[in-house]
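Whatever order the structure lists ligands and atoms in, that order sets their numbers, starting from 1.
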Amino acid sequence: MTVELKQQDNVAILWINNPPVNALSHQVRMGLKLGLDFATGAGARAIVIAGQGGTFIAGADIKEFGKPPKEPMLGELIDLIEACSLPVVAAIEGNTLGGGLEVALGCHYRITSASARMGLPEVSLGILPGAGGTQRLPRLIDAAEALTIVTSGTPINAEKAMAIGLVDEIAEGDCLDAAVALANKIADQPFEDKRLSSRTLSRSADTDKLFAEAEAAIIKRARGAIAPVKAAECVKAAFELPYLEGIAKERATFMELVISDQSKALRHIFFAERAAAKPPSDVSGKPHEVNSVGIIGGGTMGGGIAMTFAEAGIPVTIIEMSEEASKRGIAVMEKNWQRSAARGRISKDDVANRMALVSGSTSYDDLKDTDLIIEAVFETMAIKKEVFAKIDAVAKPDAVLASNTSYLDINEIAASTSRPRDVLGMHYFSPANIMRLLEIVRAKETGDDTLLTALAIAKRTRKNAVVAGVCHGFIGNRMLTPYARQAGLLLLEGASPEQIDNALTKFGFAMGVFSVGDLAGLDIGYKSRRDRKLEPHEVKVSLIADRLVEAGHLGQKSGSGYYSYNKETRAKSENPEATKVINEVREELQITPRNIEDKEIIERTQYSLINEGAHILGEHIAQRASDIDVVYIHGYGYPRWRGGPMHYGDNVGLKSVAAAVTRFAEGDGALFWKPAPLLLELAENEMSFADYDRQNR
Ligand code: CAA
């Protein structure tokens, strides 16, 4: 039974049981409708709607989207709840999201457990609350708060919900018991005014100002995503239209959004994230418990990784070469947390609690009882091996030993230890405490239990894990090379850094490739190019970058790179020196600059990602195309609403992509483009990457 009916003290309880998250599947909607009918006819004085398993309702069943709708529709059901002749109390626990919160808004009273999370995350799926949420919420709480909840998609906690009047009570003790007690208390009271749809809203100078001011900010934050903008329009409509007309607008907008490419892309990535976090099908066994972590190296990367663990409540020891370095690393962490506290994101107690979990040491002996040790030292094989030899000498049997290398061969690192089955890669992205991506690199001999431990710890520390095989740069950085090369070539051929970056940000990227280079520091790429022998075509494509570094333009840290940066505001503008360098290099290489359209910029940069992704997939470095999408969205600022590079390729059509890649690879293009056999094969068979994933499930 997906909805059980219980009776307690003349109160009927409709108890939803649809694990894991009590999504509002057709069965649940039917169960609630029947339960409502039964309860009203069975002499109950009031009704409580509650969820089993510690969750009220986490929303509509996303798996039903795109399928023919089945009655009762959610909006209808909520109308029935609201119109019920008995007062209905929502017992809010755990995740109360989307359609779940809309059900609660249809109830006449809302009581919550202290640990519940409430929100309308629909915009993150490219839709909006389609069951009255945009119209009922502003009839209950302040307009600005309602607008934020609907357009940000970010859930709020019980305390905040109480403060803004979203709930009537925070339960002390068991939420269901408290809901029954409340139901008994209010059973005989009038509750006409608790039906939110009957409340009237009207425009005022204040609301006009609120919506006018919010619009630009919402569009800017959305970076090309349409749902938040449409959702704001619906909330605004609540102040301009009678309830039923507002509902009609909400419904029409929902129907338009649910079939949009953006919503399909966002749903794709929702399921892609969850698929990527699952153990590969050939893996069995259990993860080890991780109660302590050691990090070798307390620099930017090591410090960020350490913060991730402390933030998840896991004690972490940082090993540095000297006490000063260790103190310096920990001081940076403290400063970062204090900055978050000053901005109100965390409390002062949080800072103290996290700091209490961090310790520094200069001795590897302090890691002898540690469950997971992550090396985050300089990116050189010899140094990594030296560090792993020291870890190997002290770590307890079964400790998981991870390297945070971004490019190096984990098989070689593992083979240098006496326990290759305990070794894998855990590749974090900078800043490691903020970026959600974690590439888990499975080496040839990595044990199943070792891999499962890394996957479990990723979940515990709220990272999006993706399992990758060993190759130079794994999934993300390997794809970055051809992408950055295309940007470099476009620059040589006539586009400016601004034009290329603008085309990429218009496409939806958080930052363009040259702005990213300036932020990271152009000297980093310069040094790595000096460390290996480059082919002549590689020299050509990095000539501008090399000349900039040699002339002291290292990027933001030196005040100029591809762009000039204002010292105070950090605002960027054209760097005339860079323009001079670009022109000189073009002349030297005898390139006559041509006019390049944005379309070409997007095709060449995006298809290079797709083509390399197809190589990676064909070589089984990635398990699924959708894993590659997760990598790019969480590690490289790829627009989430486009679903990732492989999903974008499917949308364009692999036939077109393959034809363009084949054309790019003609003549001199062969130096930079090698069409991926898998891409050609899928195109030939009129298949998509999604088809490939389905076949290989
Ligand atoms: N529909 C269908 N399946 C869902 C689901 C939903 N709304 N929410 C979660 N699931 C599934 C997940 O796919 C996952 O399935 P598998 O185990 O098969 O992979 C399982 O439930 C557990 O989910 P998580 O791994 O994400 O578990 P978690 O504990 O880390 O997170 C959660 C739980 C916070 C609820 C998270 O799953 C989540 O954010 N879910 C989506 C919530 C949401 O967006 N709701 C709005 C839906 S749209 C809507 O309601 C529109 C409307 O107005 C009608």
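Distance remark: protein heavy atom not present below 4.0 angstrom from atom 29 (O) of ligand 1. For atom 15 (O) of ligand 1, no protein non-hydrogen atom is found at a distance below 4.0 Å.
The pair Arg29-Glu64 meets the salt-bridge criterion, since a charged nitrogen lies less than 4.0 angstrom from a carboxylate oxygen.
Within the listing of ligand 1, atoms 49 (C), 50 (O) sit less than 4.0 angstrom from a heavy atom of Gly99. Every atom of ligand 1 with a heavy atom of Gly59 under 4.0 Å away is listed here by number and element: 45 (N), 50 (O). Within the listing of ligand 1, atoms 53 (O) sit less than 4.0 angstrom from a heavy atom of Pro129. Close contacts of ligand 1 with Gly98, meaning ligand atoms under 4.0 Å from a residue heavy atom, involve 46 (C), 50 (O).
Side chains of Glu82 and Ser197: a donor-acceptor N/O pair is present below 3.5 angstrom, by distance only.
Taking 4.5 Å as the limit, some side-chain heavy atom of Arg442 sits within range of a side-chain heavy atom of Asp448.
Residue Leu97 places no N or O, backbone or side chain, under 3.5 Å from any N or O of ligand 1.
Only the side chain of Leu74 comes within 4.0 Å of ligand 1, judged by heavy-atom distances.
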Given salt bridge (Lys or Arg N to Asp or Glu O under 4.0 Å), test Asp650 with Lys264 step by step and report yes or no.
CA-CA 12 Å; Asp650 278 354; Lys264 284 179 202 151; over 6 Å; no
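Judged by distance alone, with hydrogens and angles left aside, the side-chain atoms of Asp61 form no donor-acceptor pair with the main-chain N or O of Ala23 at under 3.5 Å. Checking side-chain atoms of Asn291 against main-chain N and O of Asp371 turns up no donor-acceptor pair under 3.5 Å.
Under the 4.0 angstrom criterion for non-hydrogen atoms, Glu64 is not in contact with ligand 1.
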